[in-house]
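The structure displayed is predicted, hence computed values, not measured ones.
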Amino acid sequence: MNIVLVGARCSGKTTVGKILSALTGKVFLDTDTLVEEKAGTSIEAFIAARGWEAFRGLERQTVKVVSERDDQIIATGGGVVLDEVNVNRLVPNALVVWLEGKAEVLRQRMEKEQQAGKRRPSLTGTDPLKEITEVLNARDPFYGRASTLRVDTTGLSPEEVASVVFQAIGEKKEGSVHGG
């Protein structure tokens, strides 16, 4: 069984995924990192040069490859759930965890990233910091449909989020996970 982390950008998927990998001994994969490796450039640069459609195509290829394997922790890009093909590939062999966060918290996390030099491409053609609420409103139904478990990361450290997910992994093995 894979553990697949979905949610908006800056919801903690990569950080929590790495912690879960250490806790479970499962291999950690980040689909955005794999896309960047395959593209040979950053996602921001790839989208600027080739566009969102080309990015989503490369993301779909990446999801196909990672979903064919087992016993992994997979952090996905924030928009992976918008593509039903991706969801249909990821869900059957996974506990899909939606890392949810309030817009203001995600905005604060993104500001910290920008101060550290990490830029994220706009999803709507406006300032990425200003578009968070709009993007959450559009994507939340997709996260909800794809997920088995929903964890509100607001006010929790990455370690606390990982602990909640780790507990759910044990419950999933016993057949009693609820959420999503």
Side-chain angles (χ1 to χ4, degrees), residues 1-37 42-44 59 62-63 66-67 72-82 86-87 90-91 94-123 127-172 177-180:
M1 177 182 70
N2 290 323
I3 309 303
V4 177
L5 304 174
V6 300
R9 36 170 76 167
C10 295
S11 61
K13 299 178 300 282
T14 300
T15 303
V16 170
K18 289 176 181 177
I19 295 167
L20 284 170
S21 176
L23 288 171
T24 63
K26 293 178 183 274
V27 172
F28 172 72
L29 298 171
D30 184 312
T31 60
D32 280 351
T33 300
L34 295 172
V35 165
E36 288 180 332
E37 288 172 2
S42 71
I43 289 172
E44 183 180 27
E59 182 179 58
T62 302
V63 166
V66 300
S67 65
Q72 307 166 112
I73 307 292
I74 304 168
T76 63
V80 77
V81 296
L82 301 175
N86 289 334
V87 174
L90 291 168
V91 167
L95 172 67
V96 180
V97 182
W98 175 11
L99 300 185
E100 181 183 33
K102 292 188 177 20
E104 185 53 39
V105 172
L106 299 177
R107 190 174 294 109
Q108 290 169 358
R109 292 175 185 168
M110 192 180 298
E111 286 172 349
K112 285 182 186 176
E113 282 189 353
Q114 286 186 355
Q115 290 168 0
K118 181 171 183 177
R119 305 269 322 154
R120 294 177 184 256
S122 172
L123 300 169
D127 181 342
L129 291 170
K130 294 179 181 172
E131 70 187 5
I132 291 173
T133 301
E134 179 183 343
V135 170
L136 289 178
N137 289 338
R139 291 184 177 180
D140 280 0
F142 291 91
Y143 296 133
R145 282 193 294 274
S147 62
T148 313
L149 175 69
R150 181 177 181 168
V151 179
D152 186 350
T153 66
T154 305
L156 297 178
S157 70
E159 292 77 15
E160 290 168 324
V161 173
S163 178
V164 170
V165 176
F166 186 70
Q167 182 178 350
I169 294 168
E171 292 173 6
K172 170 95 172 163
V177 144
H178 302 285

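Residues I3 and V165 form a side-chain contact, since some pair of their non-hydrogen atoms from C-beta on lies under 4.5 Å apart. Contact of the L5 side chain with the T76 side chain is not registered, since no non-hydrogen atoms from C-beta on lie closer than 4.5 Å. For the pair V4 and V97, the minimum side-chain heavy-atom distance is 4.5 Å or more. Counting heavy atoms from C-beta outward, S21 and V27 have side chains that stay 4.5 Å or more apart. The side-chain heavy atoms of Q108 and L106, taken from C-beta on, include no pair separated by under 4.5 Å. Between V66 and T31, the closest side-chain pair of non-hydrogen atoms falls below 4.5 Å.
Taking T153 as the reference, R109 meet the side-chain hydrogen bond (donor to acceptor under 3.5 Å, both in side chains) condition, with sequence neighbours excluded. Residues meeting the side chain to side chain contact (heavy atoms under 4.5 Å, CB included) test with A103, sequence neighbours left out: R107, I132, T133, L136. For E160, the side-chain hydrogen bond (donor to acceptor under 3.5 Å, both in side chains) partners two or more places apart in sequence, or in a different chain, are S157. Legend: residues meeting side-chain hydrogen bond (donor to acceptor under 3.5 Å, both in side chains) with E100, ordered by chain and number and at least two apart, are R150. With sequence neighbours left out, D152 forms a salt bridge (charged side-chain N to carboxylate O under 4.0 Å, His left out) with K102. T14 pairs by the side chain to side chain contact (heavy atoms under 4.5 Å, CB included) definition with K18, F28, D30, A75, not counting sequence neighbours. Under the rule for a side chain to side chain contact (heavy atoms under 4.5 Å, CB included), the partners of Q72 that lie at least two apart in sequence or sit in another chain are N2, L29, R69, I74. Taking the side chain to side chain contact (heavy atoms under 4.5 Å, CB included) definition, one finds that T24 meets it with K26, I73, F166, I169, sequence neighbours left out.
A pairwise comparison of heavy atoms in A168 and L149 identifies CB-CD2, 3.3 Å as the closest pair. Shortest non-hydrogen contact noted between A162 and L20 is O-CD2, 3.4 Å. The minimum heavy-atom distance linking V16 with P158 is given by the pair CG2-O, 3.9 Å.
Note on residues 133-165: pairs passing ring-ring contact (aromatic ring centres under 6.0 Å, His included), not counting sequence neighbours, are W98-Y143.
With E36 contributing its side chain and I43 its backbone, the two residues share a donor-acceptor pair below 3.5 Å. Side-chain atoms of S11 come within 3.5 Å of backbone atoms of A8 as a donor-acceptor pair (strictly under, hydrogens ignored).
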Item to check | Full working for side chain to side chain contact (heavy atoms under 4.5 Å, CB included) between L99 and V6 | outcome: CA-CA 6 Å; L99 300 185; V6 300; over 6 Å; no
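Note that OG of S163 is 9.5 Å distant from CG of L156, once rounded to the nearest 0.5 Å. Here the straight-line distance linking atom CD of E159 with atom CG of L23 works out to 9.5 Å at 0.5 Å rounding. Note that the CD atom of E59 and the OG1 atom of T62 stand 7.5 Å from one another [nearest 0.5 Å].
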